[in-house]
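Within every chain, numbering begins at 1; the chains are lettered A, B, ... in the order of the sequence lines, protein sequences first and strands thereafter.
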Amino acid sequence: MEKREKKERREGLPELKNAVKGKVVLRFAPNPNGPLSFGHARGIVINGSYAKEWDGELILRFDDTDTVVKPPLPSAYTQIPEEAEWLLGFKPHRVVIASEQMPHYYEHAVKMLERNFGYVCQCSGEEFKAFRVSKTECPCRSNEVSLNLELWEKMNDGTFVPGDAVVRVKTAMDLKNPALRDWPALRIQNTAEHPHPRPSIGSKYRVWPLLDFQSAVEDHVQGVTHIIRGKDLMDSTRKQTLLYEHFGWTYPETMYWGRVKVHEWGGFSTSQMRRDIESGLFKGWDDPRLPTLSALRKTGITAAALRDFWVELGITQKDISVPLSTLYSHNTKSIDDDAPRLSFVRKPVNLKIKGEHSNIVNVEVHPNHPNRGMRSFDVSNQSIWIEEQDLAQSELRLKGFANISILDSDAQPRMAQLGSVERNDRRPIVHWLSDTGAKKATLIAAEDGELNRYEGLLENHTYPNGTMVQIERIGYARVIDNTTLILTHS
RNA sequence: GCUCGUAUAGUGUAGUGGCCCAUCAUGAAGGACUCUCAUUCCUUCGACCCGGGUUCAAAUCCCGGUACGAGCACCA
């Protein structure tokens with residue numbers, strides 16, 4: 001008899017159903033009404049990881065079919081692909097822009113009317129709602145095909161204005177789920193007043209597909225095999241499946257994830273952030289207080305940490321709330337081994353040191369990697385700086401240097417007596433800087449929704465902008481320029 | 001209101017009828033190492049929403065309840 005193996009914990013993402021190596025096509029479809037947020041990262045990471053695992057393709061699709069409620073932001077069309085590539089480590093295999101695919105949508109809309117599984121409905125939203133609730137068919141549902149095609153022309157040629165007519169998919173008015181009853185597929189937008197921001201599109205079209213129709217047609221046209229998205233789109237799947245049945249297509253495998261909140265941020269709405277930026281509340285999309293990908297990247301969260309974070313959460317349908325410490329933990333793992341150590345002294349207090357000592361003090365660049373060399377401090381002028389808050393105690397050890405006793409006097413600068421160079425007791429170890437080895441600098445930190453600036457002295461360094469460093473006893477930070485750091489997390 | 005979905009330690013997650021008095025991570029507490037409040041390592045803490053049922057056997061299947069979330073937009 002074979003002995004059964006002990007069950008092993010599954011690593012990484014769950015198995016993709018009905019996946020064939022090399023044939024998997026997934027997509028991530030954001031609305032380009034702003035750059036990517038932390039939440040979008042989930043869609044990119046999960047879909048991208050599966051595409052990579054199965055040797056398949058990831059489509060980046062811009063669902064930019066609304067010009068009124070959530071109008072696209074032109075810069076997002078270039079920023080999003082860059083951010084996706086940064087996050088994944090590879091470029092999405094295909095980029096599709098919905099507003100360029102309008103001919104496809106029109107073609108399928110006409111087909112739908114010709115085959116009589118769609119109709120032009122001239123009821124108002126209110127009127128149709130009453131039909132939906134009472135499970136009764138609206139009069140437009142029985143239009144002849146020829147009439148529907150006539151009305152379709154009127155939608156397109158400007159005879160009808162927004163609100164006059166929509167194209168609906170015939171499902172059944174007695175469906176259990178009210179959300180699915182004869183759902184709307186295309187509507188008219190006032191593109192004269194609200195042109196599409198892409199100049200090549202502008203006011204060219206009046207009739208625009210709604211998400212469920214656009215997405216359904218596009219997934220079919222692109223040969224998407226698996227859709228992984230938020231569970232708020234569950235009814236969307238059901239609507240689209242009904243459309244696929246009309247067309248005789250097979251719907252892709254679908255998986256859903258639940259809603260994620262970050263304890264410190266709450267939810268993240270691109271539209272809201274856009275308003276707050278435009279009103280001047282935030283400096284830009286990469287303002288460190290915002291939960292955007294560009295802000296996280298700027299403050300020093302790595303792509304690897306974000307990937308690990310989202311893969312670890314997986315694709316459960318539970319609604320969850322995660323603390324930032326989880327993300328930070330992944331980030332620490334991804335940067336600590338590389339991060340050179342630097343000293344940053346907040347509220348520096350000058351000390352004059354008395355006693356015998358060598359003129360040069362060396363400390364390691366990275367304690368776990370002695371081969372990375374030493375940082376040298378010239379203390380020949382006996383002048384050093386420590387943090388004001390460390391003066392709470394008078395017996396201290398200057399890290400890598402010597403013990404000191406702060407002398408009780410009113411002298412300026414304050415005096416300190418040097419003690420043992422060997423570490424021979426348990427007194428607190430503090431970081432410090434020499435007079436000549438540091439310059440004035442600023443540490444920027446986003447804390448509790450506030451942008452705080454800490455002035456202080458930063459150890460001289462020649463690390464290029466963007467380097468991740470660890471500031472001793474404070475936390476990890478990213479080099480913005482020679483005298484500015486931004487705190488990633490502590 | 002109608003419809004759909006989810007419920008495992010503080011947080012997140014594994015688990016698809018026996019390997020489960022339940023996995024891993026994170027967190028907290030303690031300790032080792034370390035001239036950082038870092039990294040690494042060790043120890044400890046801590047959970048199957050409730051009630052029925054099916055079964056020799058249920059975290060796992062069924063029913064009911066409860067809680068939470070989502071959809072019912074001419075937004076995505």
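Judged by distance alone, with hydrogens and angles left aside, A:E312 brings no side-chain donor or acceptor close enough to the base of B:U26 to form a pair under 3.5 Å. Within 3.5 Å, no donor on the side chain of A:K399 pairs with an acceptor on the base of B:C35, nor the reverse.
Pair check for B:C56 finds B:G18; Watson-Crick or G-U wobble, both atom distances under 3.5 Å.
Here A:T332 lies in heavy-atom contact (under 4.0 Å) with sugar-phosphate atoms only. Residue A:Y476 is classed as a sugar-phosphate contact, given heavy-atom separations below 4.0 Å to backbone atoms only. The residue A:V421 sits close to a base: some heavy atom pair falls under 4.0 Å.
Listed nucleotides: B:G71, B:U26, B:U6. Nearest to the side chain of A:K318: B:U6. With B:U36, B:U39, B:G71 as the candidates, the nucleotide lying closest to the side chain of A:R341 is B:U36. When each of B:G5, B:G69, B:U40 is scored by its nearest atom to the side-chain atoms of A:D319, the top-ranked nucleotide is B:G69. When distances run from any side-chain atom of A:P178 to the nucleotides B:G69, B:U13, B:C72, the shortest one goes to B:C72.
Salt bridge A:K135/A:D174: absent, no basic N to carboxylate O contact under 4.0 Å.
In this structure, A:E253 and A:I227 have side chains that are not in contact, with every pair of non-hydrogen atoms separated by 4.5 Å or more.
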